[in-house]
Every structure is written in C-alpha cells, then in structure tokens.
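Please read the structure below before turning to the comments.
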Amino acid sequence: MPYQAILEQIHAEIAPTLPQGRMPDYIPQLASVEPTRFGMAVCDTDGHFAAVGDAEERFSIQSISKVFTLTLAMQREGEALWRRVGREPSGTAFNSLVQLEFEHGIPRNPFINAGALVVTDMVISHQGDAKAALRDFARRLCGDDDVDYDYTVAESEAAKGHRNAAVAHFLKSFGNLDNHPDAVLDAYFHHCALSMSCAELARTFMYLARYGRNADGPIVTPSQAKYINSLMLTCGTYDAVGDFAYRVGLPAKSGVGGGIVAVMPGQFSVCVWAPGLNASGNSLAGTLALERFATLSGHSIF
Ligand code: GLU
C-alpha cells in the first residue's frame with residue numbers, strides 16, 4: 001500500500017481547511033497552539049511506516065488517553081469493570097452531569113469524562129501511582145522513554161476543571177469512586193496532558209490493530225482488543241460518533257487537543273493531528289483527513 005503517497009495527497013488536499021477549525025478555549029494552554037499545524041502517521045502490521053507534516057511534533061493527547069486508561073483497567077479488572085461503567089453511546093456532551101443523575105452514578109461509557117474518572121479510579125486502586133502507570137504504558141508501547149506529561153497543560157486544566165470536579169464529586173456521592181475525588185482528578189488531568197506525536201500514537205495503538213499484541217507480546221486478550229475497538233467505534237468521537245463512523249468507517253478516538261487515532265484491525269493504525277476543532281469537538285481537518293485516508297487506501301471495517 002503506497003501510504004506515503006496517500007498521506008502526501010491528503011496533506012495537500014486538506015491544507016485549505018486547517019484555518020477553519022475552532023480552538024478549544026476551556027483549557028487555556030490548548031488555545032495557544034498554532035491552528036494550522038498538521039501531522040499524520042500510519043504504521044501497518046507488516047512494519048511499514050509513513051508520515052507527513054508535523055507527525056513528529058508532540059501535542060496534548062487529551063481524551064485519546066482514555067483508551068490507555070481503559071486498557072490498564074481492563075487488564076486487572078476484566079469484566080467486573082462493567083458493573084461500574086456502561087458501554088452505550090451517551091448522546092450527551094462528554095462532560096455532562098445530567099445523565100449521571102438519571103442513571104444513578106453509572107456513566108454511559110468509559111470515553112465520556114465521568115466514565116474515564118471511574119476507570120482512572122480503578123487504575124489508582126490497582127496500581128497506586130496511576131500517573132506513572134499510564135506514562136510508562138505509553139512509553140513502553142511507543143518505544144520512547146522520554147514521553148511525558150505536559151505539566152503546564154495539566155495545571156491549566158486543573159485550574160479551570162470545575163465541571164470535571166463536579167462530576168468526580170457526583171460520582172463519589174453515588175459510591176462509584178473508591179479513592180478521593182481530588183486524587184482521581186489529579187491523575188485524570190495528567191493523563192489528558194500526556195504529550196505524544198502522531199508517529200508515537202500510531203505505534204502505540206498497534207496493539208489494537210494486532211488483536212491485542214504489540215511486538216513484545218500480549219497487552220490485552222484478542223477479545224479485549226475487540227471490546228476496545230468496538231467502544232471506540234460506538235463512543236470514541238463525542239456526539240459525532242454516528243457521522244464519524246458513516247464517513248470514516250474505522251474505530252477511532254479523538255481528543256480536544258486535535259488528535260484522532262484510528263485502527264483497522266489486522267492492517268494498520270493511523271494518527272492525525274490538526275488542532276482546530278469542529279462543532280462536535282473533533283479535529284475538523286483530522287476528520288476530513290481520515291475520511292480521505294479510508295477512501296484512498298480502500299480500507300474500512302465495512
Ligand atoms: N481533559 C479534557 C476534559 O476533561 C478532555 C476532553 C477531551 O479531549 O475530550 O475536559
């Protein structure tokens with residue numbers, strides 16, 4: 001597959017759309033990123049790698065980290081995880097409180113903030129230092145030991161994180177957090193502030209393209225890889241998940257830092273970064289780029 005030529009064609013095609021995205025302003029540190037940055041990288045199961053633009057530039061992975069947190073929790077918790085979190089699309093904003101009240105403190109899925117806070121709580125209970133656990137997991141899977149948190153982003157989010165704090169305390173009031181909400185929020189804000197490049201994220205997500213294995217061995221079981229990919233397809237791209245699946249046809253997880261990672265099981269992992277967002281909170285140019293990638297490569301799960 002001529003991935004390099006495909007990425008270069010996409011880069012040229014989507015360049016005019018880069019200034020059209022809206023920068024997130026609720027995490028002050030993210031609003032200062034240059035909106036016309038663009039990077040894209042793909043790894044395949046035969047070991048090929050291709051990249052364009054700012055593919056080696058690190059950015060704030062934000063909600064993409066929720067896939068790593070879920071993976072860590074699933075490794076230890078297995079099916080018991082689903083007693084505390086659902087696995088249905090939410091149909092409400094990723095940081096909504098309303099649904100949580102109606103559904104007695106059981107978040108709809110692990111990729112909305114409430115669900116990620118519960119999953120983070122599990123990782124703290126299993127591993128103690130959830131910040132080190134997630135950072136080390138990312139380092140190991142992408143093979144780069146200097147991957148780290150952007151502490152300025154974590155502080156910037158904590159300073160403005162009143163809604164997430166409300167969600168965490170709300171969960172605690174329902175008995176769905178074992179640890180103190182402050183400890184859960186601290187780990188969660190850091191997880192969101194992990195800084196990685198498209199090249200690193202494409203490498204890291206290969207375990208989901210390889211049925212749960214990375215180059216060194218199993219990370220999760222093949223069934224768990226299926227579960228995670230299914231959740232990305234149904235819950236991974238905010239309230240635009242139906243439109244995203246229609247257009248791209250691949251399991252994917254996005255973040256408000258402008259990154260989106262998509263996986264074609266058995267074939268490849270692809271990551272795009274373009275910081276301007278669309279109205280749903282997904283990268284505007286990133287969504288277009290992945291739609292073109294699916295079309296030009298001829299690959300989607302459908
Ligand atoms: N750290 C962000 C928040 O909790 C994550 C948002 C996102 O990427 O979806 O609001």
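Counting starts at 1 for both ligands and their atoms, following the listed order. Just so we're clear, the structure is a prediction, and the values are computed from it rather than from any experiment.
Ion pair Glu291/Arg247 flagged as a salt bridge, since at least one NZ, NE, NH1 or NH2 atom sits closer than 4.0 Å to an Asp/Glu carboxylate oxygen. Of the charged side-chain nitrogens involved, at least one lies within less than 4.0 Å of a carboxylate oxygen, so that Lys131 and Asp186 count as a salt-bridged pair.
Residues that satisfy the ring pair (Phe, Tyr, Trp, His ring centres under 6.0 Å) test with Phe189, not counting sequence neighbours, are absent from this structure. Ser173 pairs by the side-chain contact (heavy atoms from CB on, under 4.5 Å) definition with Phe170, not counting sequence neighbours.
The contact set between ligand 1 and Ser63, taken as ligand atoms under 4.0 Å from a residue heavy atom, comprises 5 (C), 6 (C), 7 (C), 8 (O), 9 (O). Proximity to Gly255 (heavy-atom distance under 4.0 Å) selects the following atoms of ligand 1: 8 (O).
Geometrically, ligand 1 and Ser254 share no nitrogen or oxygen pair separated by less than 3.5 Å. Any N or O atom pair closer than 3.5 Å counts here, and Asn164 shares at least one such pair with ligand 1. Residue-to-ligand polar distances place Val256 within reach of ligand 1: an N/O pair is separated by less than 3.5 Å.
Among all non-hydrogen protein atoms, the one lying nearest atom 4 (O) of ligand 1 is Tyr188 OH, 2.6 Å. Scanning the protein for heavy atoms near atom 6 (C) of ligand 1, the closest one is Tyr26 OH, 3.3 Å. Looking only at heavy atoms of the protein, atom 5 (C) of ligand 1 is closest to Gln62 OE1, 3.3 Å.
Taking each of Glu157, Lys160, Arg163 in turn, the one with a heavy atom nearest to atom 1 (N) of ligand 1 proves to be Glu157.
Summarising the local packing, OH of Tyr151 is surrounded by more than 12 heavy atoms from other residues, nucleotides or ligands at distances under 6.0 Å. Shown here is Lys226, whose NZ atom has no more than 12 heavy atoms of other residues, nucleotides or ligands within 6.0 Å.
Looking at Tyr238 against ligand 1, only its side chain comes within 4.0 Å, counting heavy atoms.
Applying side-chain hydrogen bond (donor to acceptor under 3.5 Å, both in side chains) to Asn176 and the options His104, Arg84, Arg83 leaves one that passes, Arg84.
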